[in-house]
Amino acid sequence: MAETEHRPTNFIRQIVDKDLASGLHQSIKTRFPPEPNGFLHIGHAKSICLNFGIAEDYEGSCNLRFDDTNPVKEDISFVNSIKQDVHWLGFEWDGEARYSSDYFDQLHGFAVELIEKGLAYVDFSAQDKVREMRGTLTEPGTNSPYRDTDIETNKAEFAKMTAGEYGEGECSLRAKIDMASPFMCMRDPIIYRVKHADHHQTGNKWCVYPMYDFTHCISDAIEGITHSLCTLEFQDNRRLYDWVIENISIDCTPRQYEFSRLNLEYTVLSKRRLIQLVEDGHVSGWDDPRMPTIAGLRRRGYTPGSIREFCKRIGVTKMDNRVEMSMLEACIRDDLNVNAPRAMAVLNPIKLVIENYPQDSAETLTAPNHPNDESMGTRTISFSREVWIEAEDFRESANKKFKRLVLDKEVRLRNAYVVKANRVEKDEAGNVTTVFATYDADTLGKDPADGRKVKGVIHWVDAGSAQPAEFRLYDRLFNVPNPAGEDVFTDSINPESLKVVNGYVEAGLTDAIPESGGWQFERTGYFCLDTDSTTARPVFNQTVGLRDTWAKIGD
RNA sequence: UGGGGUAUAGCCAAGUUGGUAAGGCAGCGGGUUUUGAUCCCGUCAUUCGCAGGUUCGAGUCCUGCUACCCCAGCCA
């Protein structure tokens, strides 16, 4: 798509510029480090675009590293979906995907080094005791009775821990830092815990697993990461990040910089809540088109380019934010407006019978695939005596603001003739089911010769050849801008976030899927084929509607 | 006075030796239009969380407030 050409500028890129200019670094190395415990979402896309974007623009490289230090929460299926999503977004990681678990041996060695330096100890205090001794935000903690265990004993105990001689929760390895630190994470943080669990990468090799704070910085150093970018909640952790790097024998000092995570209105972007939506069946799965996941957006019809553009437009700062949905929608509209071929589809059909059109005959009309781009060519559409039109495009009477079909008035059938409504037929409930009309045969591709003006244009599909289809229309998943701020976030789920309607599309529409991934159904919106589609019955997802000033005015 | 952060329009966000508030989204007004779309034109912060101070001049410097976010998992 037509992404904004200029490179983004943000405080992190300014740091990179400075580090390159000063000679601190000759080249830049970043990494995207997801934990494989769920699907990627639009918030991850921000981090992906930042990390891979910097690597690209500065001719450095970016690793994909699975931060897999907690085997009980992680699964191989997630590593596969994450790889797929990063690729789909258009990025290529450097070499093979890495895993924190690749470094378990080295990590263990560094833990032993810390013990040998008197900077780590095995603590047998019960978990609640550890918490108690940690103190509070305003009171310092107290030292564990195991804090001064001698080095040899600690080495032996850690070896026993590692050998599986202790149960989960019985003991842990703690860094000896400062129980009175104003940074809670510096109050002798646990760096290794016992978990008798199989790991998706290392199997049953280990029963002790390193904690995030100990693992991440070392993994960065091992991979030669120059700029380790993470979100704001890790700002305090940076002190521990730096402490570990300074106290082990490794000659690389990656630096951590924090930016604010993305918040999007009317949805949730926390893994915990996304998991709940899936597990409690509020959505059909991780790739439900209403989900803010990459998989959901993809199925909804969002393009990789539109998501990259979105990440560019929202920028990178340290400010708390909640971005409006309209920002995301503008990005996909900008993309599809240029790239999606046009077509016609009628979602809530009523029949239009053109009484003065010859019975049992049809003609083939030519329609441009894009009104502003001749290079997209033309297609043929069938026209005959009976066509489907949108129920909401007809009224028996209306004021002049209604630019559609009205009894005794004329309207243009898009790419076809001008017709005039003469009478209607209704069902028992009083709904119009058929409109009888006459057409002006001399208006194909031109205005009426007598100079009368026909203001309105409506879309249609030929009833004789139309392909029946299902359309899924989506609205915001939640009724409030910040569902995470509610007591029970699922209470604010929008019960009308999905509407299924039946209708018709032009014959042969789905014979070829456009490069853009979808179509613009003129006057309606952008749609793509859903994975539930069959040849016999196509199912379309509305990616986003057209901008609609008429809807705002109402009538 | 625990500590760490952030405050520029409805939303996102530039603004970096102090020199007189970019851009995008949304909105509003108008033009073009066989999509109430697109496109085009115009409009949208005497003011940068608040209050003082320094200065010829402050969003940028100083002082004092205020608001909001994060930290007390053997999660990441």
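Lettering of chains follows the sequences in order, A, B, ..., and the numbering in each one begins at 1. Bear in mind the structure is a predicted one, so any value in this text is a computation, not a measurement.
Atoms CZ (A:Arg187) and P (B:G3) sit 12 Å apart, rounded to a whole Å. The nearest whole Å value for the distance from the CD atom in A:Glu265 to the C1' atom in B:C11 is 7 Å.
Under a 4.0 Å N-O distance rule, the pair A:Asp188/A:Arg147 qualifies as a salt bridge. Between A:Lys195 and A:Glu168, none of the side-chain N atoms (NZ, or NE/NH1/NH2) sits under 4.0 Å from a carboxylate O, so this pair counts as no salt bridge.
Residue-to-nucleotide contacts include no donor-acceptor pair under 3.5 Å from the side chain of A:Arg523 to the base of B:U35. No N or O donor and acceptor, one from the side chain of A:Arg238 and one from the base of B:G4, sit under 3.5 Å apart. Between the base of B:G36 and the side chain of A:Asp548 there is no donor-acceptor pair shorter than 3.5 Å. Donor-acceptor pairing under 3.5 Å, judged by distance alone, is present between the side chain of A:Glu324 and the base of B:G10. Counting atom types as modelled, A:Arg342 pairs a side-chain N or O with a base atom of B:U35 as donor and acceptor under 3.5 Å.
Picking from B:A72, B:C25, B:A76 the nucleotide with the shortest atom distance to the side chain of A:Arg134 gives B:A72.
Nucleotides B:U8 and B:U47 are separated by 9 Å at their C1' atoms, to the nearest Å. The P atoms of B:U16 and B:A7 are separated by 14 Å, rounded to the nearest whole Å. B:G4 and B:G10 have their C1' atoms separated by 30 Å, with the value rounded to a whole Å. Comparing the same atom, C1', in B:C44 and in B:G49 gives a spacing of 22 Å after rounding to whole Å. For the P atom pair drawn from B:G31 and B:G52, the interatomic distance equals 47 Å after rounding to whole Å. Here, B:C39 and B:A76 have their C1' atoms 47 Å apart, quoted to the whole Å.
Between the side chains of A:Glu233 and A:Gln235, no donor-acceptor pair of N or O atoms lies under 3.5 Å.
Where A:Ala126 and A:Leu413 each meet RNA chain B at their nearest nucleotide, the meeting point lying more 5' is that of A:Leu413.
Under the side chain to side chain contact (heavy atoms under 4.5 Å, CB included) rule, A:Phe540 has a single partner from A:Leu347, A:Val505, A:Leu473, which is A:Val505. Just one residue in the list A:His370, A:His459, A:Glu522 forms a side chain to side chain donor-acceptor pair (under 3.5 Å) with A:Arg342, and that residue is A:His370.
The base-pairing partner of B:C48, taking Watson-Crick or G-U wobble contacts with both distances under 3.5 Å, does not exist among the strands shown.
When all heavy atoms of A:His108 and A:Thr162 are compared, the pair lying nearest together is CE1-OG1, 2.8 Å.
Looking at heavy-atom distances under 4.0 Å, A:Thr69 makes contact with sugar-phosphate atoms alone, never a base. Within the 4.0 angstrom heavy-atom criterion, only backbone atoms of the sugar-phosphate kind lie near A:Phe183; the bases stay farther away. Among the protein residues, A:Ser125 comes within range of the nucleic acid bases, having at least one heavy atom under 4.0 Å from a base atom.
For A:Trp550 and B:G36, the ring-to-base geometry satisfies the stacking test (centroid distance below 5.5 Å, interplanar angle below 30°).
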With 3.5 Å as the limit, what N/O pairs link the protein to nucleotides 39-42 of chain B?
none

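Within the 6.0 Å centre-distance limit, the rings of A:Tyr417 and A:Phe383 are counted as a close aromatic pair.
Applying the 90° cutoff around 0 to the glycosidic angle, B:G30 is assigned anti.
For the pair A:Arg65 and A:Tyr99, the cation does not sit on the ring face, since its NZ or CZ is not both under 6.0 Å from the ring centre and inside 45° of the axis.
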